[in-house]
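Notes follow once the structure below has been shown.
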2 protein chains.
Amino acid sequence: MPDHRLQEAIDTLKGSGVRITPQRHAVLEYLLNSMTHPTADEIYKALESKFPNMSVATVYNNLRVFREIGLVRELTYGDSSSRFDCNTTDHYHIICESCGKIVDFHYPSLNEVESLAEQVTGFDVSHHRMEVYGTCSDCQKENAH
Amino acid sequence: MPDHRLQEAIDTLKGSGVRITPQRHAVLEYLLNSMTHPTADEIYKALESKFPNMSVATVYNNLRVFREIGLVRELTYGDSSSRFDCNTTDHYHIICESCGKIVDFHYPSLNEVESLAEQVTGFDVSHHRMEVYGTCSDCQKENAH
DNA sequence: TTATTACATTAGAATCCTTATAAATAGTGT
DNA sequence: ACACTATTTATAAGGATTCTAATGTAATAA
């Protein structure tokens with residue numbers, strides 16, 4: 001569906017001297033089409049049928065390349081494995097403590113916080129991170145039983 | 001120093017039917033006194049001299065108990081291991097991307113964000129988390145060379 | 001006190017996620 | 001098509017955390 005996003009991403013990669021291999025293309029395409037925030041292993045399993053010989057290291061390698069170029073963000077939540085998000089527009093996440101679901105939500109970026117932190121601490125601020133935790137409506141219903 | 005906090009925590013544990021063993025007491029005390037946000041391994045190493053036979057599993061077990069009771073919060077930053085924080089006072093963290101230093105800073109709690117997220121997503125919000133990342137003044141000087 | 005029970009600790013193995021290695025493979029620009 | 005070099009692959013290695021089974025210890029009841 002977002003063919004233009006895929007093409008843009010490929011152009012960005014090429015512009016940085018990154019080769020477009022079939023595996024790389026597939027990982028990128030999967031990430032762009034997925035609304036969830038998949039783990040490396042989920043991506044690996046999803047592409048297993050298409051690339052039976054692909055190594056899990058390839059998935060990690062490509063995710064690292066995408067992250068370094070700025071195409072994806074790596075999210076480290078409480079659970080064991082990292083999740084990858086290719087939605088680079090400014091948004092935050094709310095995470096269900098019961099089922100682990102991650103939902104996007106938008107909020108004006110907290111620039112004030114960054115500038116205040118900079119003044120108070122003397123840091124040179126690069127970015128910030130914020131998440132909200134709670135129980136999603138599905139799990140609220142579950143728990144009601 | 002915060003003997004009352006330690007005593008309160010112990011009372012909370014006892015109230016939940018958790019036994020106070022020497023190792024458990026030591027882990028709890030260390031966490032309450034530490035201004036940094038130690039990893040399990042840091043706690044393990046810090047208590048090594050006092051408890052030469054303590055297993056690293058004991059540290060993990062106790063941290064899990066404390067977390068389940070709500071005495072500490074587990075924080076996962078980008079790096080490999082979790083950090084543990086006695087989540088009592090409201091404050092945020094700013095983290096140096098160069099040396100890993102974690103500095104506290106205060107900011108009015110982002111209640112608006114929580115309530116907006118609640119409305120938009122239908123979650124029942126329990127808490128949020130925010131950190132600012134950047135380069136501390138020491139590392140800025142280093143880099144200037 | 002003694003026996004019983006349930007909870008804790010220990011040491012080490014096991015597991016999971018991620019990265020490193022080295023050889024083979026395959027894009028890309030010319 | 002060639003040469004150059006990035007990439008993939010399979011596997012090993014690494015680190016963090018959890019599991020297991022045996023042992024130890026605190027609380028409780030008889």
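Just the heavy atoms: all of them, side chains too, but no hydrogens, waters or symmetry mates, feed the values below. Proteins get letters first, then strands, A, B, ... in listed order; numbering begins at 1 in each.
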Pair [X]-[Y], side-chain donor/acceptor within less than 3.5 Å:
X	Y	value
A:D11	A:Q7	yes
B:Y44	B:E42	no
A:E142	A:S98	no

| task | Tell me what B:D41 touches on the nucleic acid: a base, only sugar-phosphate, or nothing, going by heavy atoms under 4.0 Å. | result | nothing
Is any side-chain heavy atom of [Y] closer than 4.5 Å to one of [X]?
X	Y	result
A:L63	A:I43	yes
B:E112	B:L116	no
A:D85	A:V72	no
A:R24	A:V18	yes

| Does B:E48 come within less than 4.0 Å of B:K50, counting only side-chain N to carboxylate O? | no
Between [X] ([atom1]) and [N] ([atom2]), how many Å, whole number?
X	N	atom1	atom2	answer
A:I10	C:dG27	CD1	C1'	14 Å
A:F51	C:dA26	CZ	P	12 Å
B:R64	C:dC7	CZ	P	13 Å
B:Y60	C:dC16	OH	P	16 Å

| request: At the 4.0 Å heavy-atom cut-off to chain A, mark where contacts on DNA chain D begin and end, going 5' to 3'. | output: D:dT5 to D:dA10
| said: Taking 4.0 Å as the cut-off, does a side-chain nitrogen or oxygen of B:T58 come that near to OP1 or OP2 on C:dT10? | reply: yes
| Comparing A:A57 and B:F84 on DNA chain D - which has the more 5′ nearest nucleotide | A:A57
| query | In terms of the nearest nucleotide of DNA chain D, which residue is placed more toward the 5' end: B:A40 or A:M54? | reply | A:M54
| Taking DNA chain C as the partner, which of residues 12-31 of chain A come within under 4.0 angstrom of it by heavy atom? | A:R19, A:I20, A:P22
| message | Once you measure the plane-to-plane angle for A:Y92 and A:F105, does it fall in the parallel (<30°), tilted (30-60°) or perpendicular (>60°) bin? | response | tilted
